[in-house]
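Read through the structure below, which is laid out as structure tokens, and then see the notes.
Residue numbers begin at 1 in each chain, while the letters A, B, ... track the order of the sequences.
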Number of protein chains: 2
Amino acid sequence: MTNWFVTKNGDLKSRWVAAFPDAQAALDLNIESRIKADDIIWLATSVQVWPELTQRLVAKGVTVVILSYAPNDREALKALDQGARGYVHTLAAVDVLKQVALVVANQGVWVGQELLSKVLGGSFKALQQRTEQGARPTAECLSLLTEREQSVAIAVTSGAANKEVARQLDITERTVKAHLSAIFKKLGVRDRLQLILKLANNDYRLNP
Amino acid sequence: MTNWFVTKNGDLKSRWVAAFPDAQAALDLNIESRIKADDIIWLATSVQVWPELTQRLVAKGVTVVILSYAPNDREALKALDQGARGYVHTLAAVDVLKQVALVVANQGVWVGQELLSKVLGGSFKALQQRTEQGARPTAECLSLLTEREQSVAIAVTSGAANKEVARQLDITERTVKAHLSAIFKKLGVRDRLQLILKLANNDYRLNP
DNA sequence: AAAAATACTGTACCGTTGGACAGAATATAA
DNA sequence: TTATATTCTGTCCAACGGTACAGTATTTTT
């Protein structure tokens with residue numbers, strides 16, 4: 001079993017060698033002839049043709065893990081849709097890389113904990129809508145909130161602490177908390193961090 | 001680490017004991033008090049309240065695998081949506097069970113290969129018609145950090161709590177804090193919120 | 001050989017956060 | 001008119017986040 005790292009430049013990061021002493025660097029062109037069925041291909045999204053390449057490799061029965069510098073749910077979904085078994089940050093730590101390798105080598109899927117819920121949760125809701133009633137765009141997170149809650153959400157999403165939000169909106173910190181609790185509940189997130197990620201990932205323009 | 005098998009009748013199949021000598025049977029009522037965070041709960045869909053139970057267990061940080069006598073896409077999606085990490089046939093072979101345990105214990109997802117493509121294939125197209133975004137100037141900020149600091153930064157930026165980062169990188173929470181302090185100082189941000197905003201795209205930032 | 005950087009862990013402290021209870025005023029809808 | 005939704009406020013408390021001291025071990029640089 002060999003770990004191939006396919007990047008635009010064909011470079012091999014020290015992190016990768018540390019994780020897999022057998023790691024091999026490769027350009028996107030000439031790998032397809034040299035791989036074996038139980039190899040793992042770590043394919044960076046800097047390679048323009050990564051979706052097509054993934055498809056071809058997967059068709060041959062090769063395990064593919066996609067490496068991305070800027071992970072997002074759309075790209076993750078695309079990667080998995082093309083047949084990749086993993087989707088992980090290009091700069092992931094050695095321990096994480098090993099873990100990913102272990103998982104995908106055993107027929108598992110690795111997408112990172114926070115992406116998982118988003119990717120699968122999204123697909124579940126999408127399927128629910130199609131089979132049940134349809135309509136309702138999932139992107140409109142903010143529209144689920146009241147006007148005041150939207151104000152709080154936007155302030156928080158721009159990095160403000162509760163105290164700062166309170167000052168901005170001229171209310172007490174307690175009220176900010178109350179709005180936030182409602183926001184978390186409505187959007188199904190656990191804290192302000194997840195809120196930021198949820199809104200940021202849906203391409204909301206916060207402060208142009 | 002303990003493997004709990006939760007069924008309607010509280011029975012424990014010999015196959016399960018063969019796979020995990022430490023296997024424990026349980027009814028749906030009284031498990032929640034006795035489980036530890038790194039336990040694996042194998043929950044049969046014969047238990048009527050399995051979705052709600054899954055949700056509660058997952059909220060506590062427990063790894064849940066759903067066992068179904070008649071696997072299908074819809075049930076699989078629901079299981080994963082509730083936070084389960086695995087979905088497998090109740091009568092799965094010993095080797096498969098071991099493999100599933102290995103995968104989910106390492107933050108992976110196990111759903112069976114043919115189910116995965118079906119599940120993800122459809123939902124991807126639903127999200128297809130949305131704007132694609134290219135790679136980010138995030139790398140410049142990251143290059144100021146040491147390798148380990150980068151790993152921590154990435155984990156935090158994806159929404160993980162200190163405790164989760166610690167588990168991912170297999171270090172203590174204290175060490176995560178140490179790295180974070182260094183990161184904040186180097187990048188000139190006051191907390192993880194500002195770090196997210198700094199790394200995630202400087203498009204929408206409020207307080208420079 | 002000495003210094004600096006890196007990685008890791010410990011205890012203690014304190015501010016922040018979010019939930020658990022709560023309650024109250026106003027406006028809109030049934 | 002009784003609900004329901006929205007907005008606002010209160011106290012208490014457990015968990016989390018970040019800093020201030022600390023320290024040790026290893027590697028790299030000077």
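Sequence order on DNA chain D of the closest nucleotides to Lys186(A) and Asp170(A) puts Lys186(A) first from the 5' end.
Applying the ring-ring contact (aromatic ring centres under 6.0 Å, His included) test to Trp16(B) and every residue at least two apart in sequence or in another chain returns Phe5(B). When the salt bridge (charged side-chain N to carboxylate O under 4.0 Å, His left out) test is applied to Lys36(A), the partners found at least two apart in sequence or on another chain are Asp39(A). Residues that satisfy the ring-ring contact (aromatic ring centres under 6.0 Å, His included) test with Phe184(A), not counting sequence neighbours, are absent from this structure. Applying the side chain to side chain donor-acceptor pair (under 3.5 Å) criterion to Ser46(B), with sequence neighbours excluded, gives no partner residue. In this view, Trp50(A) satisfies the side chain to side chain donor-acceptor pair (under 3.5 Å) rule with no residue, not counting sequence neighbours. A search for side chain to side chain contact (heavy atoms under 4.5 Å, CB included) contacts involving Ala161(B) returns Arg190(A), Glu164(B), not counting sequence neighbours. In this structure, the side chain to side chain donor-acceptor pair (under 3.5 Å) partners of Glu147(B), at least two apart in sequence or on a different chain, are Arg15(A). Listed by chain and number, the residues in a side chain to side chain donor-acceptor pair (under 3.5 Å) with Arg167(A) amount to none (sequence neighbours excluded).
Listed by residue number, Lys177(A), Leu180(A), Ser181(A) are the residues of residues 175-182 of chain A with a heavy-atom contact under 4.0 Å to DNA chain C.
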Distances for protein N/O vs nucleotides 25-30 of chain C N/O pairs under 3.5 angstrom?
none

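On the nucleic acid side, DNA chain D contacts chain A at distances under 4.0 Å to non-hydrogen atoms, with the end points of that region at dT6(D) to dT11(D).
Using a 4.0 Å heavy-atom criterion, one finds that Arg148(B) contacts the sugar-phosphate atoms exclusively.
In this structure, Asp22(B) places its CG atom where more than 12 heavy-atom neighbours from other residues, nucleotides or ligands lie under 6.0 Å away.
The aromatic ring centres of Phe20(A) and Trp4(A) sit 6.0 Å or more apart.
In the helix from dA1(C)-dT30(D) to dA30(C)-dT1(D), the end axes, each obtained as the rotation axis mapping the C1' atoms of four pairs onto the next four within a five-pair block, lie 40° apart to the nearest 10 degrees.
Tyr69(B) places no side-chain N or O within donor-acceptor distance of the main-chain N or O of Ala44(B), the cut-off being under 3.5 Å.
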